[in-house]
Number of protein chains: 2
Amino acid sequence: MFYDAMARAKDPAVRSHLLDRAAHMLRTRQPVTLRALVAGTGVSTMAVYTYFGSMDGLWKALRQEGFTRLAAKLAAVSTTTDPVRDLASLGAAYLANALESPDLYRVMFDAGFELEDADAADEALHCLVRAVERAKTAGRFRGDVDPLELATHSWTIGHGLASLVATGPLPHQALAHAVPMLTALFVSAGDDPVRCRRSVERGWGQMPPAGPGTAAPRP
Amino acid sequence: MFYDAMARAKDPAVRSHLLDRAAHMLRTRQPVTLRALVAGTGVSTMAVYTYFGSMDGLWKALRQEGFTRLAAKLAAVSTTTDPVRDLASLGAAYLANALESPDLYRVMFDAGFELEDADAADEALHCLVRAVERAKTAGRFRGDVDPLELATHSWTIGHGLASLVATGPLPHQALAHAVPMLTALFVSAGDDPVRCRRSVERGWGQMPPAGPGTAAPRP
DNA sequence: CGAGGAGGCATGACGTCGCTATGTTTTATG
DNA sequence: CATAAAACATAGCGACGTCATGCCTCCTCG
């Protein structure tokens, strides 16, 4: 191949194209290998080293991309007048995002390495913190509730469920466990049991029911 | 076709030695590679194929070993007259086991959850189920509580916490979150709040405090 | 305006990975 | 003892991630 009409400047489009392609290969359960990644893209293996430094850099960027998408999904959750319902909606969005592409979710967390830029992850968690704070000022939660702590608890439940479903031990239907678990958590924070249950169920209502289409295909 | 069962006996000692060695390499964060695994053991690479069929078979066996150890740890938890305390103890044992060797824990739950023999995993979960049943018959939980469901909820909390701590997002101290979370869960099952809190704290008391060196700073 | 440094990129090679074809040794069985 | 099969060692294969080399384009400065 000749070097005709090729832009010499580092092209961000190439970078995101490689990232999208890697994410797609992950979603379709093809092994994400350097040579397979660049095959058909017209670029050579060295491009990966130009944009990501190493294969590990690509995984790190993929992880970052995952957190960025997650933060966007959580930020897109509409705020209603019922902050507890919103909390459940955030949980539903978290789980929906995780199981939309379970392999990307695994990549986000199976890391021994840390994020280059933790802003996206922090922003995602902060969505939860804000919702807890809204619930506090609305009088749904006790005054001594630590928003960060309760948000972390919600996250733990969501992650535990997402992880167990994404890796196989629990079936897809087990996602429904989130409703009683979150209800128990929010009631322990001071919310009224029956009201809480209703709020959580409403918030969870935006979670699409278990569809067989999202099951991981076995090629 | 049926191969003769009286095949030449393989040496189980070699098999478990390889497994132990792999587990040790995992714990010391050395890459578990076929050649590195057999280096120094006097056996050749083919031995791995004799005993495990493939490298993937070794990972599967390692996963099995992890669940067997976990089931043993849970079975070793003493039963007291306070079943809720026992539940918390089981949770503490679960987390202690997971963070004793986080890499093995990751292997247990990483992609492709396929166990040859799911008995160990089932037995581990059944420890929880039995504890919930004991709590029910002791009148601590409501009669309409589904033991398997509540056990799954406890597992989800334990796994979420273990996973987030083992992979880095949460610091080691975050394990203490288990106490309020489990309390909230058990209270939602019908236990008395203050009594439950006391039981969980007692059961959790057997959890060793945060050990040094495993701290994962969160930015 | 035109030489030259700088950097993106293709090519090809290197070391290691999991795996296996092949031949040898060991064991069980007639 | 002879023979078949299992366990094993050795050497090699293809694929992997990585990097040294050199070509090509762009930017800059004399």
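Per chain, numbering begins at 1; letters A, B, ... match sequence-line order. Quantities reported herein were computed from a predicted structural model and do not represent experimental measurements.
When heavy atoms are screened at a 4.0 angstrom cut-off, G42(B) is found touching the sugar-phosphate backbone but no base atom.
Residues meeting the salt bridge (charged side-chain N to carboxylate O under 4.0 Å, His left out) test with E149(A), sequence neighbours left out: none. By the salt bridge (charged side-chain N to carboxylate O under 4.0 Å, His left out) test, E133(A) is found to be paired with no residue, residues two or more places apart in sequence or in another chain being considered.
Taking atom CZ on R15(A) and atom P on dC9(C), their separation rounds to 13 Å, with Å as the unit. Computed from coordinates, the M55(A) CE to dC19(D) P distance equals 13 Å when rounded to whole Å. When the P atom of dG17(D) is taken as reference, atom CZ of F52(A) falls 14 Å away, rounded to whole Å.
Side-chain atoms of R106(A) never come within 3.5 Å of backbone atoms of D110(B) as a donor-acceptor pair (strictly under, hydrogens ignored).
Ring planes of Y105(A) and Y94(A): perpendicular class, angle over 60° (limits at 30 and 60°). The aromatic rings of F67(A) and F109(A) sit perpendicular to each other, their planes meeting at more than 60°, with 30° as the lower class boundary.
Of all nucleotides listed (dA10(C), dT18(D), dC8(D)), dA10(C) comes nearest to the side chain of M46(A).
Considering only side-chain N and O atoms, Y51(A) lies under 4.0 angstrom from the phosphate OP1 or OP2 of dC9(C). Put simply, Y49(B) has a side-chain N or O that comes within less than 4.0 Å of OP1 or OP2 on dC19(C).
Within residues 30-40 of chain B, the residues that place at least one heavy atom under 4.0 Å from DNA chain C are, in residue-number order, V32(B), T33(B), L34(B), R35(B).
Defined by atom type and a distance below 3.5 Å, a donor-acceptor pair is missing between the side-chain atoms of D86(A) and T79(A).
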